[in-house]
Amino acid sequence: MLEAILPPHVGPTAVVPVATGDDGLELRDGIEAKTVVLEQLRSALTLLDRHDPSRITTIGGDCSVSMAPFAWLSAKYGADLAILWIDTHPDIDTGQTAYEGYHAMVVSGLTGRGDPDLLAALPSTIATARVALVGTHDWSDPALAAAAEQWRLAVIPPDALRHDSTALLDWVHATGASKLAIHFDVDTVDADEVRFGLGADRGGLTMEQVRRVVADASGAGEVVGLTIAEYIPRQVMHLQAVLADFPLMY
């Protein structure tokens, strides 16, 4: 669905193979489906090595799809890269925290924390001083709020971005980075306006505020990475169910 609505692009398209069976889904080291997670991470990195891109757009999947391209871009650009993690959630869980989903552990991994097997697969990590949590406001697990403070992650909540992007632009300039990787979890958009993602997260940014924040950020540095994550085509899925037994459908 995302591929259908996005404009044509210049450059190759690579698809990371995703198995749909039940093998490798068991919990290991506090991580759900760790075996499959590692396989997909390594497959994605192999594709990136093969194409050696200067810029990467990633669509589809949950937040974990940013792990490979952002780590790869960090290896390529080093200290000249900063990450804007636009997400309702901080995604700084580890195998030792309460939630077992890998998609909530990506910022931890990108900053060199978490499971040693996953970290060993990454070509690079990035300093927390060059990662900002943007639009993040779900701190329902107090351990995550404590971790963000301990790691000195920049947190720019929705209310700091309601009227302008000054707080974010000041942070970008302070990093000294000229290149940006932007992760956009669609749940950042307030569910009272439209429900794009897995959950119904309220209190986030509006669609127009997200557009302005990303546009302003792209004026402050060269965007070399962009991820659109956690989109769920709910209406398409419901329509598919309605049409399942219609005549002439097969």
Side-chain angles (χ1 to χ4, degrees), residues 30-31 63-64 66-99 101-116 118-162 164-185 187-188 201 203-205 213-214 216-217 220-227 229:
I31 302 173
C63 288
S64 66
S66 282
M67 185 77 90
F70 285 15
W72 196 91
L73 288 168
S74 177
K76 188 177 188 71
Y77 294 115
D80 201 24
L81 180 76
I83 292 176
L84 308 184
W85 197 264
I86 306 176
D87 198 319
T88 289
H89 309 94
D91 292 348
I92 55 174
D93 278 272
T94 67
Q96 284 71 52
T97 53
Y99 187 63
Y102 168 61
H103 69 115
M105 304 179 183
V106 191
V107 173
S108 302
L110 287 171
T111 56
R113 297 167 172 86
D115 184 80
L118 288 170
L119 294 178
L122 299 180
S124 178
T125 57
I126 187 168
T128 52
R130 288 184 282 112
V131 179
L133 304 179
V134 181
T136 303
H137 60 97
D138 183 345
W139 300 99
S140 50
D141 184 347
L144 302 185
E149 184 175 0
Q150 180 182 0
W151 301 353
R152 298 185 178 180
L153 281 166
V155 180
I156 307 173
D159 287 348
L161 298 166
R162 296 291 182 203
D164 60 51
S165 308
T166 301
L168 175 61
L169 298 180
D170 287 347
W171 177 85
V172 172
H173 292 144
T175 67
S178 70
K179 294 177 171 56
L180 303 175
I182 300 176
H183 171 94
F184 172 50
D185 183 334
D187 74 7
T188 310
D201 299 286
L205 298 170
V213 165
V214 172
D216 289 349
E222 179 189 1
V223 178
V224 294
L226 174 65
T227 295

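Taking both residues in full, the closest heavy atoms of L205 and G135 are given as CD1-CA, 4.5 Å, listed atom of the first, atom of the second, then distance. Residues H137 and P158 share a closest heavy-atom pair of CD2-CG, 3.6 Å. Contact record, G114 with L119: O-CD1, 3.9 Å, taken as the closest heavy-atom pair. Of all non-hydrogen atoms in M67 and M105, the two that sit nearest each other are CE-O, 4.1 Å. Taking both residues in full, the closest heavy atoms of A82 and W171 are given as CB-CH2, 4.0 Å, listed atom of the first, atom of the second, then distance.
One finds the CH2 atom of W85 at 5.5 Å from the SG atom of C63 (value rounded to the nearest 0.5 Å). Expressed to the nearest 0.5 Å, how far CG of L226 lies from CG of L180 amounts to 11.0 Å. With rounding to the nearest 0.5 Å, the separation of CZ in R113 from OG1 in T128 is 5.5 Å. One finds the CD1 atom of I126 at 4.0 Å from the CD1 atom of I83 (value rounded to the nearest 0.5 Å). Rounding to the nearest 0.5 Å places OG1 of T97 at 9.0 Å from CD1 of I92. In this structure, the separation between OG on S66 and CG on L110 is 7.5 Å, given to the nearest 0.5 Å.
One N or O on the side chain of R130 and one on the backbone of L81 form a donor-acceptor pair closer than 3.5 Å. A donor-acceptor pair under 3.5 Å links the side-chain atoms of S74 to the main chain of T125, judged by distance alone. Remark: the backbone N or O of A177 is paired with a side-chain donor or acceptor of T175 at under 3.5 angstrom.
Of the N and O atoms on the side chains of T88 and D201, not one donor lies less than 3.5 Å from an acceptor on the other residue. Checked by atom type, the side-chain pair H89/D187 shows a donor-acceptor distance below 3.5 Å.
Under the 4.5 Å side-chain criterion, counting only non-hydrogen atoms from C-beta, V106 is not in contact with F70. Side-chain contact between S178 and Y77 is absent, with no heavy atoms from C-beta onward closer than 4.5 Å. Considering only heavy atoms from C-beta on, L169 stays 4.5 Å or farther from D164 through its side chain. In this structure, D93 and L144 have side chains that are in contact, with non-hydrogen atoms separated by less than 4.5 Å.
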* To do: Please lay out, stage by stage, how L84 and V213 fare under the test side chain to side chain contact (heavy atoms under 4.5 Å, CB included).
  => CA-CA 10 Å; L84 308 184; V213 165; over 6 Å; no
* To do: Go through the steps to decide whether V131 and L153 satisfy the test side chain to side chain contact (heavy atoms under 4.5 Å, CB included), and finish with yes or no.
  => CA-CA 7 Å; V131 179; L153 281 166; 3.9 Å; yes
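By the 6.0 Å contact criterion, CZ on R152 is open, its count of non-hydrogen atoms from other residues, nucleotides or ligands being 12 or less.
When the options T136, D141, V107 are evaluated for a side chain to side chain contact (heavy atoms under 4.5 Å, CB included) with P90, the one that passes is T136. Test L161, T188, V214 against V134 for side chain to side chain contact (heavy atoms under 4.5 Å, CB included) and you get one pass: L161.
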